[in-house]
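Below you'll find the structure, written out as structure tokens, and then a few comments.
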Amino acid sequence: MSKIKKIGVLTSGGDAPGMNAAIRAVVRAAIYNKLEVVGIMQGYEGLINGEIKKMKSHDVSNIIQRGGTILCSARSEEFRTVEGRKKAHEQMIANKIDALVVIGGDGTFSGARVFTQEYDIPVVGIPGTIDNDLFGTDYTIGYDTAINTVTEAVDKIRDTASAHNRLFFIEVMGRDAGFIALRSGIATGAEAILIPERETHTQELQTYLEKEYKEHKTSGIVIVAEGDKSGGAYTIAQEIGKDHPEYDIRVSILGHMQRGGSPSAFDRVTASTLGVAAVDALLDDQKSIMVGLVHGEVSHVSFNKAIKNKKKVKDSLLILNDILSI
Ligand SMILES: Nc1ncnc2c1ncn2[C@@H]1O[C@H](COP(=O)(O)OP(=O)(O)OP(=O)(O)O)[C@@H](O)[C@H]1O
Ligand SMILES: O=P(O)(O)OC[C@H]1O[C@](O)(CO)[C@@H](O)[C@@H]1O
Ligand SMILES: [Mg+2]
């Protein structure tokens, strides 16, 4: 029988569509299991400052479809310090919080890992980031919605690109990872996809675009992941344009619109599944782990592995795009 009576839930790092669905699932699963549950505002920042409120079932009504996070999020510099984490621990004692569910990305789990090493508190993580850059889960909450958002935006850009016979370099999010770029690139029939996981050979891209141009293609879309080593969409566009003044080039940075919007059904179901799984894991006396989804089944992976192991982009998807963009 677990000793946990009260759990706290927080969202941290960049927000992601589906975080609210995950909060709802954690709150309801906790109540279902007769636990008390509190919401911690502004991620670790709110834990340090004691911005904590009791959550009842109706507090999470009507949020499953909403983007953002009702608990708000933050990137807390103070939590990176020993003193900051000491304050956070004092708040947990003062508020009688026995365990935490943290919803966020690799940084959030790095923070949780050091916190549990210092204070031996049960913490379970739920992967919530549009970047999908976490090892140990096939999908992170928010990724599916983000690629759908990008797909919709690129389709619109394709219309105007075709009308004007233009070449567009479109930069998408993914701090150090190309998952958003790769999947949305395939979904939009992009002519090329530049991601940090694969070296960009500018000369190869030049040759490819020259061939396309000669064949009178009416538009060109190059998807560039923000973390790509080529230096981003503006840099690569400038480089290509220097050698080819005849190209009519435009650059579009999609930016934070990729983080917003109502979560897709897929993200809502993933968030609901993982929210319940996180509470189950705590009741099962697990700590320092992330719950994830592998081949559609709930998986448990240590924070260590989730952070340290690098999730690989699927080679098969890269090959697919090479085949389809001839
Ligand atoms: N090494 C660390 N030690 C302590 N706290 C950390 C550490 N790394 C990250 N954190 C905490 O976790 C917060 C969230 O991390 P980060 O900003 O990297 O976002 P994330 O969780 O990776 O999400 P995303 O990448 O989707 O924005 C940081 O602002 C900080 O408070
Ligand atoms: O919220 P900020 O600081 O603008 O962060 C942007 C970063 O967050 C992410 O959107 C992930 O949440 C990355 O793709 C991007 O690099
Ligand atoms: Mg991250």
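As the structure lists them, so they are numbered: ligands from 1, and atoms in each ligand from 1. When a residue number appears, it is its place in the shown sequence, counting from 1.
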Within ligand 2, which atoms have a heavy atom of G14 less than 4.0 Å away? 12 (O)

Which ligand 2 atoms, with their elements, are less than 4.0 angstrom from a heavy-atom of R175? 7 (C), 8 (O), 13 (C), 14 (O), 16 (O)

Do ligand 1 and Y44 have nitrogen or oxygen atoms that lie under 3.5 Å from each other? no

Which residue and non-hydrogen atom of the protein lie closest to [atom], and at what distance in Å?
atom	result
atom 12 (O) of ligand 2	R259 NH1, 3.4 Å
atom 26 (O) of ligand 1	T129 OG1, 2.7 Å
atom 31 (O) of ligand 1	S76 O, 2.6 Å
atom 17 (O) of ligand 1	R75 NH1, 2.7 Å
atom 22 (O) of ligand 1	D106 OD1, 2.6 Å
atom 12 (O) of ligand 1	G107 O, 3.4 Å
atom 2 (P) of ligand 2	R75 NH2, 3.5 Å
atom 7 (C) of ligand 1	R80 NH1, 3.6 Å

Check this for me, if you would: do [X] and [Y] make a salt bridge, where the nitrogen-to-carboxylate-oxygen distance has to be below 4.0 angstrom?
X	Y	value
E152	K156	yes
R175	D106	no
D248	R250	yes

Is the ring pair F179/Y143 parallel, tilted or perpendicular, if the boundaries are 30 and 60 degrees? perpendicular

Name the orientation class of the two ring planes belonging to Y44 and F79 (parallel below 30°, tilted from 30 to 60°, perpendicular beyond 60°). parallel

Checking one value in my table: which N/O/S atom of D106 lies closest to the Mg ion (ligand 3)? OD1

Do E36 and K54 pass the side-chain contact (heavy atoms from CB on, under 4.5 Å) test, and can you show the C-alpha distance, the side-chain angles, and the key distance before you say yes or no? CA-CA 8 Å; E36 266 190 84; K54 190 172 166 57; 3.5 Å; yes

Within a distance under 4.0 Å of any heavy atom of F79, pick out the atoms of ligand 1 and give their elements. 4 (C), 5 (N), 31 (O)

To which of [options] does the heavy atom nearest [atom] belong?
atom	options	value
atom 21 (O) of ligand 1	T108, V114, D133	T108
atom 16 (O) of ligand 2	Q258, E226, H256, M173	E226
atom 1 (N) of ligand 1	G14, A88, S110, G174	S110
atom 11 (C) of ligand 2	D106, V172, D131	D131
atom 14 (C) of ligand 1	A112, G111, S12, G105	S12

For ligand 1, which part of R175 has a heavy atom less than 4.0 Å away: the side chain, the backbone, both, or neither? side chain

Show the numbers, then the answer: is there a side chain to side chain donor-acceptor pair (under 3.5 Å) between R28 and S57? CA-CA 6 Å; R28 298 234 164 124; S57 186; 2.8 Å; yes

Yes or no: does G174 have any heavy atom under 4.0 Å from an atom of ligand 2? yes

Let's go through E297 and H295 carefully: what are the C-alpha distance in whole Å and the side-chain angles of both, what is the deciding distance for side chain to side chain donor-acceptor pair (under 3.5 Å) to 0.1 Å, and is it a yes or a no? CA-CA 6 Å; E297 298 295 330; H295 303 312; over 6 Å; no

pair [X]-[Y]: side-chain heavy atoms closer than 4.5 Å:
X	Y	result
E204	T207	no
V291	D280	no
L274	P127	yes
K308	F135	no

From the Mg ion (ligand 3) out to just under 2.8 Å, does an N/O/S atom of D176 turn up? no

Go through the steps to decide whether R259 and D15 satisfy the test salt bridge (charged side-chain N to carboxylate O under 4.0 Å, His left out), and finish with yes or no. CA-CA 7 Å; R259 288 231 297 251; D15 64 318; 2.8 Å; yes

